[in-house]
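This report concerns only the one structure given below.
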Number of protein chains: 2
Amino acid sequence: MDNPAKPKRTRIQRERRELIQEAALEVFSQHGFRGSTIDQIAEAAGMSKPNLLYYFKSKEAIFVALIDRLMEAWLAPLREMDQDGDPATEIRSYIRRKMEMARDFPRESRLFANEILQGAPRVMPLLQGELKDLVDEKAKIIKEWMRQGRLKGADPYHFIFAIWATTQHYADFDVQVRAVLGPERGGEGRFEDAAAFLEKLFLG
Amino acid sequence: MDNPAKPKRTRIQRERRELIQEAALEVFSQHGFRGSTIDQIAEAAGMSKPNLLYYFKSKEAIFVALIDRLMEAWLAPLREMDQDGDPATEIRSYIRRKMEMARDFPRESRLFANEILQGAPRVMPLLQGELKDLVDEKAKIIKEWMRQGRLKGADPYHFIFAIWATTQHYADFDVQVRAVLGPERGGEGRFEDAAAFLEKLFLG
DNA sequence: CAATTTTTTGACCGTTTGGACAAACGTTAA
DNA sequence: TTAACGTTTGTCCAAACGGTCAAAAAATTG
């Protein structure tokens, strides 16, 4: 997770690696790791397979780079939750941010979901370390808010889990959501409706 | 989805097909469809690959049989929700049943999640048909309960989604849940804690 | 028992896959 | 011009994969 000797990269290398990661995100999020081929990614990135392997030494390396970048963005919204802010406002903002991520970055969400579903073989240390620490810290804050009577009392861990589950559901299970809502209600408005519902559910 | 000429099967065929599906559930739920090999499934079932292919004509056929059986169990809890029952009791029972499924059948849950994540290529018709119809029907009931003031008012569709998301989370994201809760709180009690939390969340 | 059907297996095949490699190409700078 | 370096590609390979097939083994039936 640290950087043992950071590699110096040319401009082209930075651009190409970025291009490859974008293509890989598209492919991996649709087919999962094992279901994706280097050829698919290479084609999506508009280059030949050997050329792609010049920038990433293996399929695994692409995936790891993607996950690494993803996890940062993943933890950010919870990091922003501020102990000194108004509890209701902080929770509301957190839900909003998570919902926006589900809407704007569904591929990242699905990629992460896939990794966890397979037993988190590549991010387990991160879950037990950085993520657990962060949640422990924020759970303490939420608990304090509840103790002060500024937030309805409940288990802060399951509270956070519930926010994760409900918001990510709209990215990960998007096809099911749309299928059930049907053509009329399944339009773009569904994220707004969901956000409004969740605010009431968690704060009402 | 119907049965065009139901095949007559010997006792051995019934037993072997069952054995294979159990093994396939184990393998598919861990590695996904593309990530699983026929050899893996055959080994888990304690037979040779050609022998397995004697009972199921392809990898796809195993998967379809599995999904078919799964979907029935999947819809059952919602089907049981009774219009004439007490709203709070009905919702509570529904949450309990879904939570028990997450605890007792996590492989089935993960298999389903995997299928949806990949865009539901094999169950889309079912989602748009049977599932949508069922949800439409139950949403109407919930809406009526809310109109009568017997249940807190909210969008019944997102209400149902939220129950799905939160309960299935404890099966699909189990490793993450355990990692965050840590060794102390991540024991078997987590399902009870979660169920209690969710009842309050949805009915409190 | 023998005849017939069902079940099991070893050997095999064509394709796909991740990855290696050397040769070619392009660019820049001495 | 040439040497050096970064980039790109065609070709190739070994392993893994889904699936076939003929024939042996086991079970069932007459």
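What you see is a predicted model; the values in this text were computed from it and never measured. So that the names make sense, note that chain A is the first sequence line, chain B the second, and so on, each numbered from 1.
- Listed by first and then second residue, the salt bridge (Lys or Arg N to Asp or Glu O under 4.0 Å) pairs that reach into residues 163-187 of chain B are A:Asp155-B:Arg185, B:Asp174-B:Arg178, B:Asp174-B:Arg190, B:Arg185-B:Asp193, sequence neighbours excluded.
- Neither OP1 nor OP2 of C:dT6 sits under 4.0 Å from any side-chain N or O of B:Arg9.
- Across all strands shown, A:Tyr55 has heavy atoms under 4.0 Å from sugar-phosphate atoms exclusively, and none from any base.
- One atom, NZ of B:Lys57, and another, P of D:dT20, lie 10 Å apart when rounded to the nearest Å.
- Using a cutoff of 4.0 Å between basic side-chain nitrogens and carboxylate oxygens, B:Glu90 and B:Lys138 are not scored as salt-bridged.
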Atom pairs and distances, donor-acceptor, side-chain atoms in residues 197-204 of chain A, under 3.5 Å, two or more places apart:
residue  : atom : partner : partner atom : Å
A:Glu199 : OE2  : A:Arg96 : NE           : 2.7
A:Glu199 : OE2  : A:Arg96 : NH2          : 2.9

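- Note that B:Lys98 lies in the cation-pi zone of B:Trp74, set by a 6.0 Å cut-off to the ring centre and a 45° limit from the axis.
- At whole-Å resolution of the value, CD in B:Glu43 and P in C:dT9 are 13 Å apart.
- Residues satisfying the salt bridge (Lys or Arg N to Asp or Glu O under 4.0 Å) criterion with A:Asp136, sequence neighbours excluded, are A:Lys132.
- A cation-pi arrangement, defined by a distance under 6.0 Å to the six-membered ring centre and an angle within 45 degrees of its axis, is absent between A:Arg16 and A:Tyr54.
- The CE-C1' distance, from B:Met47 to C:dG10, rounds to 17 Å in whole Å.
- If you measure from atom CG of B:Leu52 to atom P of D:dC17, you get 15 Å, rounded to the nearest angstrom.
- Between B:Glu15 and B:Arg9, none of the side-chain N atoms (NZ, or NE/NH1/NH2) sits under 4.0 Å from a carboxylate O, so this pair counts as no salt bridge.
- Distance from the side chain of A:Ser48 is smallest to D:dT9 among C:dG19, D:dT9, D:dG18.
- Not a single donor-acceptor pair under 3.5 Å links the side chain of B:Glu26 to the backbone N or O of B:Ala44.
- Going from atom CZ of B:Phe56 over to atom C1' of D:dG18 covers 16 Å, rounded to whole Å.
- Distance A:Ile41 CD1 to C:dG19 P: 10 Å, rounded to the nearest Å.
- Note: NZ (B:Lys59) to P (C:dT16) measures 14 Å, nearest angstrom.
- Electrostatic pairing of A:Glu108 and A:Arg69 does not count as a salt bridge here, judged by no charged N lying under 4.0 Å from a carboxylate O.
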Which pairs, protein N/O on one side and nucleotides 11-15 of chain D N/O on the other, fall under 3.5 Å?
none

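- Looking at residues 25-39 of chain B, you'll see B:Ser36, B:Thr37, B:Ile38 sit with a heavy atom under 4.0 Å from some atom of DNA chain D.
- Remark: B:Arg16 is in phosphate contact with C:dT8, judged by side-chain N or O atoms under 4.0 Å from OP1 or OP2.
- Using a distance-only test at 3.5 Å, with no hydrogens or angles considered, no donor-acceptor pair links the side chain of A:Arg110 to the main chain of A:Gln30.
- Under 4.0 Å is where a charged nitrogen must lie from a carboxylate oxygen, and between B:Arg79 and B:Glu130 at least one such pair does.
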Every protein N/O within reach of nucleotides 23-29 of chain C N/O, cut-off under 3.5 Å:
none

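- Geometrically, A:Arg103 does not engage A:Tyr170 in a cation-pi contact, judged by NZ or CZ lying under 6.0 Å from the ring centre and within 45° of the ring axis.
- Residue B:Ile20 contributes atom CD1, which lies 11 Å from atom P of C:dT7 at whole-angstrom precision.
- Between A:Asn51 and the phosphate of D:dT9, there is a side-chain N or O to OP1/OP2 separation shorter than 4.0 Å.
- Phosphate contact (OP1/OP2 of C:dT7, side-chain N/O of B:Tyr54, threshold under 4.0 Å): present.
- Contact annotation: A:Gln13 reaches the phosphate of D:dT7 (side-chain N/O to OP1 or OP2, under 4.0 Å).
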